[in-house]
Structures are given as C-alpha cells and as structure tokens.
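Structure first, commentary second.
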Amino acid sequence: MINKEKTTLCFSKNTDEATQEALKVALNVPAIRHYEKYLGLPSFVGRNKTACFTQIKERIWGRMQGWKEKLLSQAGREVMIKAVVQSIPVYSMNVFKLPMGLCKDIEAMIRKFWWGSGDAKKIQWVKWSSLCSSKSIGGMGFRHFQKFNNALLAKQVWRFLHHRESLLFKVFSAKYFPNGNILEASVHPKCSYAWRSILQARGVIEKGAIWRVGNGQLIDVWHHRWLPDLNHSKIISPRASSSVQRVCDLFLPDTRIWDPGRLASCFLPWEADMVRRIQVCEDGDEDTLIWPLTNDGAYSLRSAYQMLVSAEASLMPSSSTSDESGLVWKKIWKIRTPNKIRHFIWRAAKDSLPIKQNLLARHLPISPVCAGCDDHTETTLHCLWLCDQSRSVWTSIPEFRLLVQKKCRTFFELLGELFSGGSSFRIAFFATVAWCLWQRRNRLRERQPVWPLHELGDRAKALVMEYEEVNWQEQSVSIPRPRVRWSPPPADWYKANFDATFSTESGSAAIGVVFRDQAGQVIAALCQNLGQVQSVDMAEALAAQRAVTFARELSLFNIIVEGDCLHVIQALQRLDPCNLLFWHIIDETKRMGQLLRGCR
C-alpha cells in the first residue's frame with residue numbers, strides 16, 4: 001500500500017512532459033522539482049558542497065549557544081563537546097565526505113566553546129592538534145573531524161568487501177564495479193557524490209588492512225600488503241623476476257608450498273624468511289583482506305581512527321617522550337578529586353595557565369614579576385610551588401616535606417615525582433592544595449576575600465575528605481579464583497591438551513599434545529618443532545590442528561580439545577567465519593574434527 005499523502009514524484013531532466021503527466025495521473029500523486037533531503041541527508045549535492053551541509057554547522061552552533069559559559073565548567077564543556085557536539089555530524093559522515101572548510105569551521109567553533117565562548121576573544125592556550133590527541137599522551141581526546149570522516153567512510157568500503165550478499169553491494173557493484181572488487185573500481189565522472197566519497201576512503205583500507213594468503217591468486221606480490229609484520233607488510237625487495245606477479249607464482253607447481261628457490265631469487269634474505277613463516281593450507285579458500293588492528297580481524301572505527309591519528313603524529317617533529325611521561329598523563333585523569341581540579345592539574349602540566357610569563361609570551365603588556373613575592377618571574381612552577389607564600393603552605397603539611405626537597409625544573413616533573421611514590425589520597429591532597437593556591441592567587445588579584453595561608457592546608461584536606469566521603473564506594477571483596485585443575489573426560493572420550501611455545505627473536509615455534517583417558521592415564525603424547533611461524537596465536541592454532549590430526553592417527557573418535565590460548569579456543573567455538581589471520585587453520589581443524597564421531 002502507498003500512502004499518497006506522503007508520496008511525491010521527482011523526474012529527471014530526460015523525462016519528457018507527456019510521460020510525467022501520465023505517471024502523475026496514473027499514481028495520483030503530486031510531483032516536485034527535487035528532494036531537498038531524504039532521511040535527513042541532502043538528496044542532491046551540487047558544486048557548492050558547503051551550502052549543502054550548512055545545516056550541520058547551524059545545529060552545532062544552536063547547541064552551543066544554548067549552553068552559556070557561566071553554567072558549564074571546563075569539565076562540563078568537555079562532556080558537552082564529546083557527547084553532543086561531536087555526535088551531530090556523524091550521521092552525515094557515514095555517507096558523505098564533508099568539505100574541508102566545513103570541518104575546519106566546526107573545529108573552530110568547538111575551540112571557541114572549549115576555551116570559553118563570549119563576546120571577548122579568549123586565548124587558546126593549547127593547539128587543536130594537541131587537544132585531539134589521546135588523554136594518555138597529554139591531549140583531551142577530541143575528534144579530528146576529517147580523519148573521523150575518512151574512518152567512517154572506510155567502514156562502507158569494508159562492507160563492500162565482505163558483505164557481498166547485501167542489496168547495497170548488488171546495486172552498487174552492478175553500476176560501478178561489475179568485476180566485484182571495489183578496490184579496483186575507477187571514479188566515474190558522473191558518479192554520485194556519496195559514491196565518490198566512499199571511493200576516496202579506500203586509502204584507509206589499503207593503509208591498514210593486510211591480505212591473508214589463501215590460493216594466492218588475488219594478491220599482487222609487489223603492490224599489496226600481505227606480510228604479517230604490521231610495520232613491514234609490503235615487499236620492498238627490488239623486482240628481479242617478471243614471471244612473479246601473484247603470490248600463487250611463489251608456490252611449487254600444483255601445491256600450496258613455498259618454492260625455496262623462487263623466494264631466494266626474488267626477495268632479500270630477511271624478507272624471504274618472513275614469507276616462509278606464512279602458513280598456507282592445501283585446501284584453503286581464496287585470499288581474504290583482514291584488519292589486523294583488532295582481535296577478530298574485523299574493521300572497527302576506533303582502530304582505524306587511531307591508525308590515522310598515529311600516522312600523522314609520526315610524521316610531525318616532536319621531542320622524544322618516555323613511558324614515564326605517558327604514566328603521568330594517565331594518572332592525572334585518575335586523581336580522586338572533582339573534574340574541575342583534574343582539568344586544572346592537566347592545564348598546569350601543559351603549562352597552559354594564564355601565568356604572567358605565558359601572558360607576556362603572547363605579547364600582553366604585563367609585568368612578569370610574581371605578585372606574591374615581588375622577586376621572581378611568575379611561572380607555573382613558581383606560582384604553585386616555589387613562591388614564598390606557596391612554599392609556606394607546602395612545608396606546613398607533613399605529607400609533602402620530603403617532596404619539597406626535590407629539585408624539579410617544571411611542574412610536569414614535579415607531578416612525576418609525586419606519582420612515583422604517592423598514595424591516592426596524597427595525590428588528591430596535592431592537587432587540591434595546588435588548586436586552592438591558584439584560586440587564592442586569582443581572588444587576591446580581584447581583591448576578593450581569601451583563606452589565610454596557615455588555614456589553606458587544612459581546608460584543602462577537608463575538601464578531599466568530603467569528596468572521598470560523598471564518592472566513597474564499598475570496595476568489592478576480591479574473591480580468590482579457584483585453582484584450575486585438569487578434569488577427566490567422560491567415559492569413552494579422550495582429552496587432548498595442546499600448547500605452543502614461540503620465540504619472538506627467531507620467530508620459531510614448537511608444539512606439544514597430550515592425550516589422556518577418563519582415568520587420567522596418558523594415552524599418547526608428542527612434541528614437534530614447527531620452524532618459523534607468523535605469531536604465537538598461529539603457533540597455538542597449529543597446535544590445535546595437530547591435536548585433531550593426532551587423534552585420527554591414533555584412531556580416537558571421541559575427543560575434547562583443550563588449550564590455554566583464549567583467541568584460539570574462541571575461534572574454534574565460533575559458528576560463523578571471521579577474518580582472523582589464522583582462521584584458515586581453524587577452519588581446516590574444524591573440518592577435520594567433523595570427520596570424527598565427536599569433537600568438542
């Protein structure tokens with residue numbers, strides 16, 4: 001049934017007037033010139049693409065205008081940006097590539113809102129690229145819209161590659177890539193903007209995905225990423241033989257076994273060793289494109305976005321960062337204080353507080369001398385730690401007398417010393433005292449009443465204890481895990497326990513399998529050297545496969561396979577295929593297990 005009140009007709013320019021009139025009379029529905037929107041998305045995208053998506057910018061602006069700066073702290077603005085503002089354009093980003101200028105305008109609006117929207121122009125103390133980095137490395141975790149847009153569109157490419165039974169694939173493949181491979185589709189000059197947007201995201205898939213070798217007929221040896229090492233997944237050896245184009249050309253004739261002579265003649269020695277590690281099944285399926293950045297080999301938006309952000313960060317010049325600095329940033333956001341104090345400590349660690357030295361560096365006509373001591377230049381470390389007034393507070397608190405003796409050059413180094421040996425209460429106490437000193441400094445500047453210095457430590461401690469009392473949760477009693485013991489199989493069944501060992505240095509692996517009956521008696525056992533394999537998960541999968549083949553050799557028809565590798569056990573229990581790098585081994589193991597009377 002057609003609801004005529006909700007139905008309209010839209011004709012292309014090639015439809016003559018007589019045909020249009022005939023259809024309107026036959027269907028008894030009105031005609032319109034064009035649809036402005038369909039399901040919330042623009043139906044037609046012309047040359048002025050920014051105008052087509054202006055409503056996204058207007059919606060974001062309306063949301064931010066509804067929340068005045070005086071009603072939200074900086075912690076509240078963070079939640080507002082992440083939960084509301086950044087989610088508004090996601091629906092459109094799934095289908096269209098938003099114009100670069102629109103993305104930059106949205107980011108500019110977010111920056112203004114983050115640093116405090118208002119009539120007066122506010123200083124943006126931290127650059128946007130730093131705010132978009134993860135909190136674990138000193139950022140705020142905001143989205144870079146263009147990269148997030150590309151990651152969303154790449155998900156559509158992944159669906160075209162792996163969901164070939166869907167109606168979407170059948171329609172688009174018939175029109176744009178009849179050969180069935182979207183990676184080889186050309187950009188038609190008259191294709192829709194949605195299809196053009198999806199095609200430009202193929203670079204994300206090509207940058208992150210690798211090929212799992214099956215029959216080797218789809219993989220180009222010299223141009224595709226098919227080596228198991230994520231840092232080196234494409235062949236860099238100079239091309240020496242024109243007869244080798246596909247991976248199947250590297251097999252011995254009529255087999256799936258690597259040809260040692262061809263590997264030695266085509267590749268550098270270390271690359272030939274890497275190729276030899278790749279396990280290929282004799283009756284495996286065709287080559288499959290997998291996503292190695294997730295545990296199950298399926299594309300995920302999070303991993304793709306992180307890959308794009310990391311790739312750009314690796315190209316930017318930066319100072320070397322140690323693991324200790326990463327721990328400092330992580331611990332800042334775990335301080336057991338209100339969010340506003342955590343944000344204050346983050347800004348102090350980033351040296352982005354409106355300290356006089358920072359204001360002078362931004363060409364504000366102001367004296368850099370500290371107003372508290374009238375002696376030294378006011379820096380973040382001086383204001384919160386070295387100033388005579390601040391020093392009197394810290395030395396009066398017993399918890400920080402040892403910390404006062406430490407020599408630190410920056411406030412970030414001071415936080416590192418604090419986090420290295422401080423309890424959660426001591427860290428929260430330190431952050432609250434530093435915040436109270438900052439509030440006192442600002443209130444004195446505005447000539448407002450303040451707490452006396454000798455009371456500041458006690459008042460800060462009271463604030464911490466009050467927060468602990470309000471947010472206190474009874475810690476769950478840790479229940480000791482029961483010791484895992486070997487359990488015997490049922491009568492007339494046998495249990496196979498498998499395991500593997502893997503050397504990360506040489507890439508070699510060995511496996512072991514033990515069969516026991518219901519009485520726990522060892523029926524048979526074996527150990528085998530596998531040589532070089534791709535990964536420890538691959539070695540565990542090969543161990544499970546060897547357990548099943550060993551059972552057939554022993555004429556054991558009811559077996560239970562048991563191992564300690566969770567990824568392999570979960571893969572063996574899956575009913576649907578997945579994109580794991582070792583799935584072809586799992587698939588062959590399950591097929592061999594079906595030949596037995598019982599295998600679980």
Side-chain angles (χ1 to χ4, degrees), residues 212-213 228 256-258 273 276-284 295-297 479-578 580-600:
R212 184 179 67 204
V213 179
R256 300 281 182 85
I257 302 174
W258 299 110
D273 291 338
R276 271 192 290 267
R277 296 184 191 180
I278 301 176
Q279 303 294 322
V280 185
C281 292
E282 281 294 328
D283 54 349
N295 291 331
D296 60 354
I479 301 175
R481 292 184 177 181
R483 187 175 179 181
V484 179
R485 294 180 178 272
W486 183 85
S487 59
D492 299 329
W493 283 73
Y494 300 90
K495 177 173 284 189
N497 292 92
F498 68 89
D499 201 1
T501 179
F502 179 77
S503 173
T504 55
E505 296 179 358
S506 62
S508 59
I511 61 173
V513 180
V514 177
F515 273 96
R516 284 179 278 194
D517 59 10
Q518 60 181 351
Q521 297 294 324
V522 177
I523 302 300
L526 69 82
C527 61
Q528 181 179 340
N529 185 10
L530 297 179
Q532 292 183 326
V533 297
Q534 295 166 256
S535 63
V536 61
D537 286 343
M538 179 66 76
E540 294 280 357
L542 290 170
Q545 182 190 45
R546 187 67 183 94
V548 177
T549 57
F550 194 30
R552 296 180 62 186
E553 295 170 2
L554 298 172
S555 298
L556 303 178
F557 302 108
N558 294 316
I559 66 169
I560 299 174
V561 180
E562 190 176 80
D564 61 354
C565 183
L566 182 61
H567 290 164
V568 173
I569 297 300
Q570 289 177 342
L572 288 170
Q573 294 174 347
R574 288 181 68 112
L575 299 178
D576 57 322
C578 66
L580 289 168
L581 193 61
F582 54 88
W583 175 253
H584 55 300
I585 305 295
I586 297 296
D587 191 38
E588 185 175 352
T589 303
K590 295 170 73 173
R591 285 201 302 267
M592 291 189 299
Q594 293 174 356
L595 300 177
L596 302 176
R597 188 181 305 158
C599 181
R600 61 191 187 194

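Just so we're clear, the structure is a prediction, and the values are computed from it rather than from any experiment. No hydrogens, no waters, no symmetry mates; every other heavy atom, side chains included, goes into these values. Residue numbers start at 1 and run along the sequence shown.
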[X] side-chain N/O to [Y] backbone N/O, donor-acceptor pair under 3.5 Å:
X      : Y      : answer
Lys495 : Ser487 : yes
His567 : Asp296 : no
Asp499 : Gly512 : no

- Between CG of Leu542 and CD1 of Ile586, what distance do you get to the nearest 0.5 Å?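 One gets 9.0 Å once the value is rounded to the nearest 0.5 Å.
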- Query: Rounded to the nearest 0.5 Å, what separation is found between the CZ atom of Phe557 and the CG atom of Leu595?
  - Reply: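 If I round to the nearest 0.5 Å, the distance is 11.0 Å.
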Are [X] and [Y] close enough that some pair of their side-chain heavy atoms sits under 4.5 Å apart?
X      : Y      : answer
Met538 : Phe502 : no
Asn497 : Phe515 : no
Phe498 : Val561 : yes
Val513 : Gln528 : no

- CA sep, side-chain torsions, deciding dist, call: Asp587, Arg591, salt bridge (charged side-chain N to carboxylate O under 4.0 Å, His left out): CA-CA 6 Å; Asp587 191 38; Arg591 285 201 302 267; 2.7 Å; yes
- For residues Gln521 and Arg516, is any side-chain donor paired with an opposing acceptor at under 3.5 Å? no
- Message: Just to verify, what does Arg552 make a salt bridge (charged side-chain N to carboxylate O under 4.0 Å, His left out) with, not counting sequence neighbours?
- Response: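 Counting only residues at least two positions away or on another chain, Arg552 forms no salt bridge (charged side-chain N to carboxylate O under 4.0 Å, His left out).
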